[in-house]
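Data block below; observations after.
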Amino acid sequence: MRIIHSQADYQNIYKESIENPERFWGEVAGEFVWHRTWDKVMDWDFHKPEAAWFLGAKLNITENILDRHLPQRENQVALIWEPNNPAEEPRKITYGELKRQVCRVGNLLRKKGIRKGDRVCIYMPMVPELVYAILGCARIGAVHSVVFAGFSAGSLIDRITDCGCKMVLTADGAFRGDKKIELKSIVDEALIQCPTVEQVVVFERTGSKSSMKQGRDTWWQDEIQGMDDHCSPEIMDAEDLLFILYTSGSTGKPKGMVHTCGGYMVYTNYTFRTVFQYKEGQVFWCTADIGWITGHSYIIYGPLSAGATSVLFEGIPSYPDFGRFWQVIERHRVNIFYTAPTAIRSLEQAPLSFVQRHDLSSLQVLGTVGEPINEEAWHWYDKNIGKGECPIVDTWWQTETGGVMISPIAGVTPLKPTYATLPLPGVQPALMDEHGKEIKGAGEGRLALKYPWPAMARTIYGNHKRFRETYFSTFPGKYFTGDGCRRDGEGYYRITGRVDDIIIVSGHNLGTAEIESSIDEHSAVCESAVVGFPHDIKGQGVYAFVICYNPPEEEDKLRSEIRDLVSKIIGPIAKPDKIQFVPGLPKTRSGKIMRRILRKVAEGDTSNLGDVTTLLDPNVVEVIKQGAIK
Ligand code: PRX
C-alpha cells in the first residue's frame with residue numbers, strides 16, 4: 001500500500017499519483033477483496049460529466065470490513081459505543097459480533113423483500129444498531145439514505161420522496177443531552193406524505209410511547225431475534241450505488257449525492273490510513289454524526305475497513321457538562337480524535353478545569369473538519385488538548401468528495417495553523433480567478449479540482465443535469481467546489497469559506513434558499529432573504545431579512561413563530577439567529593437580490609456598501625442599515 005510516512009514519501013508518492021493515477025490507484029486497490037478485478041482503473045469525461053472507477057470489478061464492501069478481518073479480529077473491538085448519559089454502560093462490539101449483527105439486519109431486509117438497488121431510509125440515533133443498519137443494507141446491496149436524526153418531518157419527506165425509499169429504519173426516540181427527540185412520531189408525520197414506504201422497523205431506544213401502524217410498523221428487537229448470523233453478500237459492481245446522502249444546495253431542494261461501492265471504499269480506507277497515520281491497535285474517535293458524510297466515511301467505512309477500533313458517541317459535547325469529550329477520551333484511551341471547529345470553539349468558552357480534570361495522555365493525533373478553523377481555536381486545541389505534542393490535521397473535503405482531499409498528513413506535513421496545507425495523493429486542485437483562468441503560484445481565488453478521484457460523487461440522484469450545472473459548468477472541464485481559497489508561496493491551501501449561497505452553521509451545510517422558502521411559508525411573510533454572519537461559536541449564524549405583508553404588530557412574537565416554523569420544516573439547526581423586518585430588499589432592476597449588501601449589514605460593517613445606484617430602490621438600503629440587528 002502506498003502509505004506515506006515521511007515528507008520525502010509524500011513528494012515521491014504525490015508525484016507518481018499525478019503522473020500515473022491509474023497505476024497509483026490500481027496499487028492501492030490491490031489490497032482489497034474483489035470477486036473480480038477491474039478491466040480498467042478509471043474512465044472519465046468532465047464535460048459530460050462522467051467518472052467511473054475500477055470498471056468491471058465486483059465486490060461487496062462489507063466483506064472488506066468484516067469477512068476480510070475474520071477470524072483474526074474476531075475478538076478485537078470494532079466499535080466502542082459511548083451512550084448519551086455517562087451513567088449508562090458503554091458497549092463494546094467486536095468484529096465477530098459486528099459481522100453477526102450486520103448479517104442479521106441483512107437477512108431481515110431480505111425477508112422484508114428489500115433487494116439490491118432498493119433505497120432504504122435510515123433515521124436513527126447514534127447507537128450501534130445504526131451501524132448495523134447501514135452495513136446490513138450494504139451487505140445485500142440496498143442503497144442506504146441516512147437522514148440526520150435532528151431533521152424535521154418536512155426534511156424527511158423531501159429525502160424519502162426524492163429517492164423513493166421503500167423502507168424506513170428508525171427508533172422510538174433519541175437522547176440528545178437532557179432532551180428526548182420523538183423520532184417515531186416525526187416518521188409517522190412524514191409518512192403520511194410518503195406513499196413509497198411500505199415498511200418501518202423501529203428500534204426501541206428511549207422507551208417513548210410509539211403508535212405502531214399495523215401491517216407497516218414492527219419492532220427491531222422482535223424482528224432481529226430470529227435472524228440467522230450468516231448472510232451471503234450481494235456481489236456488486238464497483239460502480240453500483242452504495243448510498244445516497246443529501247446535502248444542501250443553492251436552490252431549495254437538497255441534493256442527493258450518489259456514492260458508489262468500489263471507489264468510495266478504496267478512497268475512504270486510503271485517506272483514513274494516510275491522513276491520521278493510523279497504526280494497528282489505535283482507538284479512533286470521530287465525533288461527527290453519522291447523518292453527515294464525516295460519520296459515513298470516518299466512523300464507519302474508513303476505520304472499519306482498516307480494522308480499527310472506532311468510537312461511536314451518542315451524546316453532545318456539553319452534556320452533562322463541558323468535560324464530556326475529555327471524559328470519553330480518558331475512558332476509552334482514545335489515540336486519534338477528530339472533531340469540528342464549532343465544537344472546539346464552544347468548549348473553549350468553558351473553564352479549563354473541565355479539560356484539566358481528565359487524563360488526555362493517550363492522544364497522539366488531532367483532527368478538524370467541516371469549516372475553516374480560526375487561529376485562536378487552533379492554538380487552544382493544540383495547547384490544551386494536544387499539549388503541544390499532537391499534530392492537528394485540518395482536513396478539507398465535502399459530501400461530494402466522499403473523503404479528505406486537502407490535509408496535512410499527521411506527523412509528516414509541517415503544519416501552518418488555519419491551513420489545510422497540501423493535496424493528498426491523486427488530488428489535483430486548481431485555483432481559479434473570476435474570469436475562469438487558472439492562477440499559478442501564490443494567489444487567491446476559487447477552488448476547483450481538475451482531475452477525478454475514486455470517491456467523487458457520481459451524480460445527484462435522479463438529476464444529472466443539476467449535477468452538471470452545479471459542479472461542472474462554472475469552470476468547464478473542472479469540478480467546482482463552491483469554496484474560496486488562498487494558496488501561499490509554499491503551495492499550502494487555506495480554505496476561506498463558501499462563495500455561493502450555502503452557509504455553514506456549526507459545521508452544518510445549509511442552503512439559504514431552503515431557509516428562505518420555509519420562512520416564506522408563514523402567512524404574514526411576503527418575502528425573505530437569508531445570509532450568514534460571523535458567529536463566535538457556530539462559525540456562521542443565520543441572519544434573515546423579512547418583508548411582511550403588513551408591518552408586524554408584535555415583532556418578537558412573529559420572530560418566534562418564524563423560528564418555530566423553520567425548525568419544524570427543516571430542523572432546529574436552521575433556525576435564524578437574527579430576524580430583521582424590512583420594508584424591501586436591495587434588488588437590482590432585473591429583480592436579483594444583492595446579497596453582498598445584506599452580508600455587509602449582517603456582518604455589522606456598513607461603512608462601505610459599494611455602488612448601490614444600480615438598485616431598483618437605493619433608499620431601502622438606508623432603512624435596512626438603520627434597523628440592523630447587532
Ligand atoms: O466550505 C467547505 C467546508 O465544508 C464544506 C462541505 O460541507 P459538507 O459537504 O457538509 O461536508 C463537511 C464535512 C466534510 C466545504 O465546501 N469545509 C469542510 N472542511 C473544511 C471546510 N472549510 C475549511 N476547512 C476545512 N477543513
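In listed order, ligands and their atoms are each counted from 1.
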> For I293 and ligand 1, does the shortest N/O to N/O distance drop below 3.5 Å?
Replying inline: no
Just wondering, more than 12 heavy atoms not from [X] lying within 6.0 Å of its [atom1]?
{"X": "K568", "atom1": "NZ", "answer": "no"}
{"X": "E376", "atom1": "CD", "answer": "no"}
{"X": "D536", "atom1": "CG", "answer": "no"}
{"X": "K387", "atom1": "NZ", "answer": "yes"}
{"X": "R176", "atom1": "CZ", "answer": "no"}

Considering only heavy atoms of [X], which atoms of ligand 1 have at least one such atom less than 4.0 Å away?
{"X": "D394", "value": "24 (N), 25 (C), 26 (N)"}
{"X": "T294", "value": "13 (C), 14 (C)"}
{"X": "I495", "value": "22 (N), 23 (C)"}
{"X": "W397", "value": "6 (C), 14 (C), 15 (C), 18 (C), 19 (N)"}
{"X": "T395", "value": "19 (N), 20 (C), 25 (C), 26 (N)"}
{"X": "V369", "value": "13 (C), 14 (C)"}

> What is the minimum heavy-atom distance between T421 and I406, and which atoms define it?
Replying inline: O-CG2, 3.6 Å
Give me the nearest non-hydrogen protein atom to [atom] as residue plus atom name, then the distance to 0.1 Å.
{"atom": "atom 24 (N) of ligand 1", "answer": "E371 O, 3.3 Å"}
{"atom": "atom 15 (C) of ligand 1", "answer": "D483 OD2, 3.2 Å"}
{"atom": "atom 3 (C) of ligand 1", "answer": "G370 O, 3.3 Å"}
{"atom": "atom 11 (O) of ligand 1", "answer": "T399 N, 3.6 Å"}
{"atom": "atom 5 (C) of ligand 1", "answer": "I504 CD1, 3.7 Å"}
{"atom": "atom 7 (O) of ligand 1", "answer": "N509 ND2, 2.9 Å"}

>> With a 6.0 Å cut-off on the ring centroids, do F243 and H296 count as close?
In response: yes
> Parallel, tilted or perpendicular: which fits the ring planes of H464 and F467, with parallel below 30° and perpendicular above 60°?
Replying inline: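 The rings of H464 and F467 sit tilted, inter-plane angle from 30° to 60°.
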>> Over 60° means perpendicular and under 30° means parallel, so tell me whether F276 and Y338 are parallel, tilted or perpendicular.
In response: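 Correct class here is perpendicular.
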>> Check for me whether G482 has a heavy atom closer than 4.0 Å to any atom of ligand 1.
In response: no
